[in-house]
Amino acid sequence: MAKVLVSDSIDPVGVEILSQVAQVDVKTGLSAEEIIQIIPEYDALMLRSSTRVTKEIVEAGSKLQIIGRAGVGVDNIDVPAATRQGIIVVNSPEGNTIAAAEHALAMMLSLSRHIPDANQSVKANKWERNRFIGTEVYKKNLGVVGLGKIGSHVAAVARSLGMKILAYDPFISKERADQLGCTLVDLELLFAESDFITLHVPKTPETQHLIGRETIAKMKPTVRIINCSRGGIIDELALIEALESGRIAGAALDVFEQEPLGESRLRELSNVILTPHLGASTTEAQVGVAVDVAEQIRDVLLGLPARSAVNIPGLTPDVMEKLRPYLQLAETMGNLVSQLAGGRCDSLNVRLQGELATKDSQPLVVAAIKGLLSQALRERVNYVNAAIEAKERGIRVIETRDASTRDYSGSIHLEANGSMGTHSVTGALLSTGEIRITDLDEFPINVPPSNHMLFTLHQDMPGIIGKIGALLGSFNVNIASMQVGRKIIRGDAVMALSLDDPLPEGLLSEITKVPGIRDAYTVKL
Ligand SMILES: NC(=O)C1=CN([C@@H]2O[C@H](COP(=O)(O)OP(=O)(O)OC[C@H]3O[C@@H](n4cnc5c(N)ncnc54)[C@H](O)[C@@H]3O)[C@@H](O)[C@H]2O)C=CC1
Ligand SMILES: O=C(O)CCC(=O)C(=O)O
């Protein structure tokens, strides 16, 4: 039975789902060293934000198939390391959207009305009505940095509070911003005009210290900043200085450069509200993300696709369903051409023809690469790491798409160039879904792939087929089917044979000695 390690606390419903297919060990609070010790026994790892999945942990996870982040941000996982190792990384892109947006809004209103301090004051038996004069958000400018799922929901609710929304997101169109009732502006303007600024961007090299000394200098002295996205997007030291000096009016922070927050002057400031990374901490969100991610882990362990894999671009279950027969075709053709090419492969040309010449068909290229590398890497290569493995081996992949149709509605043509020359194959599907090899080294054929195959390149002349048949018979090899493809009579031709048995040692060199045979290849599919 598969084994799943759950290294942060998740809703029990997640454990229940995982238990349908695996032994689940919930072990929270482990150090990196402790995880490295035990991770080799596990097929899957599920976590929230407390576990940091380092390269060392990934590399120790020799059996890991999938890492599931019960949440949105995957910045606590070394995704490139996982990808290189063929491990799928999944998240829950929408499970906690509302929770995080509502937390940011709660932070904004708490900040504007001093709710946490007023609460503490009353609980300390005081009645300080004059100390807690607030500010309204109505008709104020809210600067939303990052107009994705959370930012959009914050914007929608803030608009209903009567706020004007200035949004900055270089990856969002003006039409989308208009639809959301937001004014798309550049960062300079957002910083200069906003009364409240709320951050909803992922942590990337571009967003690291997006708010720092220089940017704070451009803001209104009355501005209040809310960060419920990621620590490190604000330069904490610069923020502390600005809050201490009164350069800005306040800040509300759910996330920090170091979590848990260690010793920090932030704790001493009265114009700051701090929460311990609670953005996703609602019952609804925790059930949502646990179900979302546990189901994906379960599916992957059952050999099914994941719906939100962050490192298999384009291969969603919908696309997978649509392309499934063609994925098998692409992989088989990749495997076939790599065996024909034999030695080192320098480049692979992939031509997607007819109905396959669409944007959605990118996974077919990956499937072809997977097939190409399967001889060398066996089960180590998969849809996650195939492209990286090819790149690291110096294999140049050239894709072309041609929407015109030939004999089949869709076909895949592969050409491998390498140390032993160039070989090409084309494959297509019959209406029954069966695979046909329709072209080999530019010779037209029509054969189904089979476990054991023999291909020859020979001169089209009388008697040659009989000689090959007799030779195979003398070694007790049974021929299941045979086809010859040629362009001109008595010119060059190819012969494709499906065999019931593997070719015995030494027979291939006997075949190449037959007069008229130029080359022969055995292939196992
Ligand atoms: N505090 C908490 O508990 C939670 C925090 N988060 C954080 O919130 C972030 C946002 O989450 P979602 O809205 O679901 O993600 P999303 O992917 O829907 O939206 C992120 C938006 O940021 C934009 N963006 C990316 N780089 C940018 C840049 N350099 N400048 C401006 N905009 C940029 C993207 O175009 C996208 O529209 C997550 O990455 C995660 O780190 C998410 C959930 C809970
Ligand atoms: O797991 C959590 O509570 C944090 C959620 C979060 O930060 C995220 O989903 O990106």
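Every number for a ligand or one of its atoms is a count from 1 in the order of the listing. Atom set for the values below is all heavy atoms of this structure, side chains included, hydrogens, waters and symmetry mates excluded.
In terms of N/O distances under 3.5 Å, ligand 2 is approached by R230.
Residue contacts with ligand 2 include S49, since one of its heavy atoms falls under 4.0 Å from the ligand.
Between the side chains of Q65 and Y42, no donor N or O sits under 3.5 Å from an acceptor N or O. Between the side chains of R298 and Q20, at least one donor N or O lies within less than 3.5 Å of an accepting N or O. Using modelled atom types and a 3.5 Å distance limit, the side chains of D402 and S404 yield a donor-acceptor pair. Between the side chains of T275 and D254, at least one donor-acceptor pair of N or O atoms lies under 3.5 Å. Side-chain atoms of D78 and T54 include no donor-acceptor pair closer than 3.5 Å.
Here A280 has side-chain heavy atoms under 4.0 Å from ligand 2, and that is the only part of it that gets that close.
With D75 as reference, R230 is the one residue of K203, R230, R52 to meet the salt bridge (charged side-chain N to carboxylate O under 4.0 Å, His left out) rule. Among E295, Q296, M46, the one residue that satisfies the side-chain contact (heavy atoms from CB on, under 4.5 Å) test with V90 is Q296.
Relative to the six-membered ring of F191, K218 misses at least one condition, a distance below 6.0 Å or an angle of at most 45° to the axis.
Near G73, meaning under 4.0 Å from one of its heavy atoms, ligand 2 places the atoms 8 (C), 9 (O), 10 (O). Set against the non-hydrogen atoms of G71, the atoms of ligand 2 under 4.0 Å away are 9 (O). The contact set between ligand 2 and N96, taken as ligand atoms under 4.0 Å from a residue heavy atom, comprises 5 (C), 8 (C), 9 (O).
Nearest protein heavy-atom contact of atom 1 (O) of ligand 2 is R48 NE, 3.0 Å. In this structure, atom 9 (O) of ligand 2 lies nearest to the protein heavy atom V72 N, 2.5 Å. For atom 4 (C) of ligand 2, the closest heavy atom belonging to the protein is H277 NE2, 3.4 Å. In terms of protein heavy atoms, atom 6 (C) of ligand 2 is closest to R69 NH2, 3.1 Å.
With rounding to the nearest 0.5 Å, the separation of CD in Q353 from OG in S409 is 11.0 Å.
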- request: For the pair K63 and E41, evaluate salt bridge (charged side-chain N to carboxylate O under 4.0 Å, His left out) and give the outcome as yes or no after the intermediate values.
  value: CA-CA 7 Å; K63 278 172 73 184; E41 7 166 336; over 6 Å; no
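Listed by chain and residue number, the protein contacts of ligand 1 are V72, N96, A100, G146, L147, G148, K149, I150, Y168, D169, P170, F171, H200, V201, P202, T207, C228, S229, R230, D254, V255, H277, G279, A280 (heavy atom within 4.0 angstrom).
Pairs engaging residues 143-164 under the side chain to side chain donor-acceptor pair (under 3.5 Å) rule: none recorded [sequence neighbours left out].
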